Protein chains: 2
Amino acid sequence: MREKTTRFVLLGALAAAGPLTGFDLRRWVGAELGAFWSESFGQIYPGLRELQAEGLVAAADRGGEGKPYRITPAGRAALLAWLSRSPRPERARSELLAKLHFGRFLGTESVRALLEAARRHASERLESVQAEAEALAQRTTGEERVFAQLTSERLLSVARAELAWAERALRTVEALEAGGPDAALATLA
Amino acid sequence: MREKTTRFVLLGALAAAGPLTGFDLRRWVGAELGAFWSESFGQIYPGLRELQAEGLVAAADRGGEGKPYRITPAGRAALLAWLSRSPRPERARSELLAKLHFGRFLGTESVRALLEAARRHASERLESVQAEAEALAQRTTGEERVFAQLTSERLLSVARAELAWAERALRTVEALEAGGPDAALATLA
DNA sequence: CACGCATGTATCTAGAAGATACATATCTAA
DNA sequence: TTAGATATGTATCTTCTAGATACATGCGTG
């Protein structure tokens with residue numbers, strides 16, 4: 001059974017920037033972690049309720065609008081325990097690769113369109129990760145900045161690898177069109 | 001609302017290797033697409049029922065054990081239509097990056113352990129993708145082999161990028177321990 | 001014979017993605 | 001002034017998928 005990671009990310013957000021309302025939490029996660037994490041209200045509100053019932057967060061007594069929450073000492077301990085545990089290996093489905101695997105059912109025109117979409121997505125991703133990395137460099141210092149930059153570096157290197165692959169793959173498909181499977185395989189050697 | 005991709009992958013599997021039983025379908029997806037896709041029985045059986053109700057698959061009249069299904073012409077058309085649509089941009093959560101982002105709450109010992117786990121996962125991933133790529137090269141020919149190799153190439157290049165990053169990140173954390181944030185940031189320049 | 005494994009069907013639970021609904025306040029355009 | 005748009009805020013529902021669990025049959029092994 002998968003463990004609910006939402007709770008820990010909410011704790012982390014409150015530790016970093018609390019007190020925050022449910023709405024603010026979603027906004028914070030989007031702004032700070034958006035390149036590699038997302039949370040929906042469907043998880044946030046029930047998650048906060050649960051964390052509160054367990055004493056890991058409490059309503060903050062800050063005046064103003066909304067219902068802000070703060071992390072408790074027990075919540076900090078729970079956050080640290082989670083952070084110390086080895087992360088699950090990443091597994092994700094790739095619709096692009098599934099479609100490419102079945103590429104033989106498509107004409108090469110359609111395969112080319114598929115790879116062009118992949119190139120576009122990779123390029124957009126690279127741009128947005130770069131822009132975010134630059135913004136982060138501006139607004140963080142010290143240790144926080146080290147970790148922020150490490151996360152950006154990983155995203156950037158994956159994005160670059162994916163873009164480079166898309167470009168090579170397009171060339172392979174061109175060779176397939178021009179000279180058949182053997183010519184295509186020759187570009188992969 | 002997300003579109004159910006299970007149905008199309010089931011159609012693709014039946015087009016490629018059908019007729020297949022529910023059990024075989026899961027096995028086939030694991031063997032052929034396992035590096036970038038997964039399906040559980042929780043989706044397969046209801047999915048087949050649905051596809052059959054819609055006339056996209058039919059019970060195959062092959063004797064023997066189990067209840068094999070085959071794709072229908074309508075199913076082929078639906079598969080082709082899906083394959084021709086632009087894939088959704090990939091989005092995945094990374095527990096590793098979420099934990100790394102909150103790294104400032106951990107001691108560097110724990111951060112190092114986190115990155116060592118990342119390196120181990122990346123290395124294992126690279127090995128398994130390489131082994132699968134070699135096996136695929138042996139059992140496929142022609143166009144099928146071109147597409148299989150393109151998918152392997154993408155997985156390999158991402159795995160290599162992730163491994164290289166983990167190694168660099170470990171060096172950054174060593175610099176952080178030895179010389180503080182400025183020394184760490186210098187390794188990232 | 002009992003147990004383990006393989007093939008096979010089926011369904012349930014839990015986590016997350018995303019949509020929808022409702023409320024209040026403020027600002028802007030007609 | 002009013003209506004619509006936008007922002008902040010809370011809440012919940014539906015849908016998709018991951019993964020566990022249950023049951024059944026047949027075969028092989030100790």
Side-chain angles (χ1 to χ4, degrees), chain A residues 1-11 13 17-31 33-53 57 59-60 62-69 82 87-95 98, chain B residues 1-10 13-14 17-31 33-53 57 59-60 62-69 82 87-95 98:
Chain A
M1 191 44 63
R2 287 182 298 170
E3 182 184 38
K4 239 181 245 191
T5 48
T6 292
R7 324 147 47 75
F8 299 112
V9 168
L10 292 182
L11 289 174
L20 294 167
T21 65
F23 190 83
D24 281 336
L25 277 162
R26 177 153 168 177
R27 194 160 43 182
W28 189 92
V29 167
L33 310 181
F36 54 88
W37 202 267
S38 69
E39 291 291 355
S40 64
F41 290 129
Q43 276 94 259
I44 290 177
Y45 289 109
L48 284 172
R49 218 165 27 228
E50 222 174 271
L51 289 168
Q52 191 174 18
V57 306
R62 192 190 70 184
E65 215 178 23
K67 197 153 101 177
Y69 292 85
W82 177 68
R88 284 172 301 189
E90 291 177 9
R91 46 191 325 148
R93 288 176 170 207
S94 166
E95 190 176 317
Chain B
M1 193 43 63
R2 287 178 300 169
E3 182 185 37
K4 243 181 240 187
T5 49
T6 292
R7 336 150 37 77
F8 299 112
V9 168
L10 293 183
L14 291 175
L20 294 167
T21 66
F23 190 83
D24 282 335
L25 276 163
R26 180 160 162 170
R27 194 161 42 183
W28 189 92
V29 168
L33 310 182
F36 55 88
W37 202 268
S38 69
E39 291 292 355
S40 64
F41 291 129
Q43 277 92 257
I44 291 178
Y45 289 107
L48 284 171
R49 219 163 29 228
E50 222 175 273
L51 289 169
Q52 192 176 15
V57 306
R62 194 190 67 183
E65 217 177 25
K67 197 152 100 175
Y69 292 85
W82 178 66
R88 285 173 299 188
E90 293 176 9
R91 43 191 327 144
R93 288 176 168 207
S94 166
E95 191 177 316

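Remember, predicted model here, so these are calculated numbers, not experimental data. Convention: sequence-line order gives letters A, B, ...; per-chain numbering from 1.
The phosphate of D/dA11 has OP1 or OP2 within less than 4.0 Å of a side-chain N or O from A/Lys67. Note on B/Arg93: a side-chain N or O is less than 4.0 Å away from OP1 or OP2 of C/dA17. The shortest distance between the side-chain N/O atoms of B/Arg91 and the OP1/OP2 oxygens of C/dA17 is not below 4.0 Å. Taking 4.0 angstrom as the limit, A/Gln43 places none of its side-chain polar atoms (N or O) nearer than this to OP1 or OP2 of C/dG15. A close approach under 4.0 Å does not occur between any side-chain nitrogen or oxygen of A/Tyr45 and OP1 or OP2 of D/dA11. OP1 or OP2 of D/dA18 lies within a sub-4.0 Å distance of a side-chain N or O belonging to B/Ser38.
The distance between atom CH2 of B/Trp37 and atom P of D/dA18, rounded to the nearest whole Å, is 8 Å. For the pair A/Phe8 CZ and C/dG15 P, the computed distance is 11 Å after rounding to whole Å. The distance between atom CD of B/Glu39 and atom P of C/dG8, rounded to the nearest whole Å, is 18 Å. For the pair B/Phe23 CZ and C/dG8 P, the computed distance is 7 Å after rounding to whole Å. Rounded to whole Å, atom P of C/dG18 lies 13 Å from atom CD of B/Glu3. Between the C1' atom of D/dT17 and the CG atom of B/Leu25 lies a distance of 17 Å, rounded to the nearest Å. Rounded to whole Å, atom P of D/dC16 lies 9 Å from atom CZ of B/Arg7. One atom, CD of A/Glu95, and another, P of D/dC16, lie 14 Å apart when rounded to the nearest Å.
With contacts defined as side-chain heavy-atom distances shorter than 4.5 Å, the pair B/Leu48/B/Ile44 qualifies. Annotation: side chain of B/Asp24 is not in contact with side chain of B/Tyr69 (no heavy-atom distance under 4.5 Å).
Side-chain to base pairing of B/Ser40 with D/dG19: one donor and one acceptor N or O lie within less than 3.5 Å of each other.
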Test side-chain contact (heavy atoms from CB on, under 4.5 Å) applied to B/Lys67 and B/Thr21, step by step: CA-CA 5 Å; B/Lys67 197 152 100 175; B/Thr21 66; 5.6 Å; no

Tell me, with the steps shown, if B/Ser38 and B/Arg26 meet side-chain contact (heavy atoms from CB on, under 4.5 Å). CA-CA 8 Å; B/Ser38 69; B/Arg26 180 160 162 170; over 6 Å; no

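Checking C/dT11, C/dT7, D/dT12 against the side-chain heavy atoms of B/Arg27 singles out C/dT7 as nearest. Listed nucleotides: C/dT7, C/dA16, D/dC16. Nearest to the side chain of B/Lys4: D/dC16.
Residues A/Thr5 and B/Arg93 bring a donor and an acceptor atom of their side chains to less than 3.5 Å of each other.
In terms of heavy atoms, B/Val9 sits closest to A/Ala98 at CG2-CB, 4.5 Å.
Of the residues near DNA chain C, B/Pro46 and A/Phe41, the one whose nearest nucleotide (by heavy atom distance) lies more toward the 5' end is B/Pro46. With the nearest nucleotide of DNA chain C identified for both B/Tyr69 and A/Arg26, B/Tyr69 has the one nearer the 5' end.
When heavy atoms are screened at a 4.0 angstrom cut-off, B/Gly42 is found touching base atoms of the nucleic acid. As judged by a 4.0 angstrom heavy-atom cut-off over every strand, B/Arg49 is placed among residues touching the sugar-phosphate backbone only.
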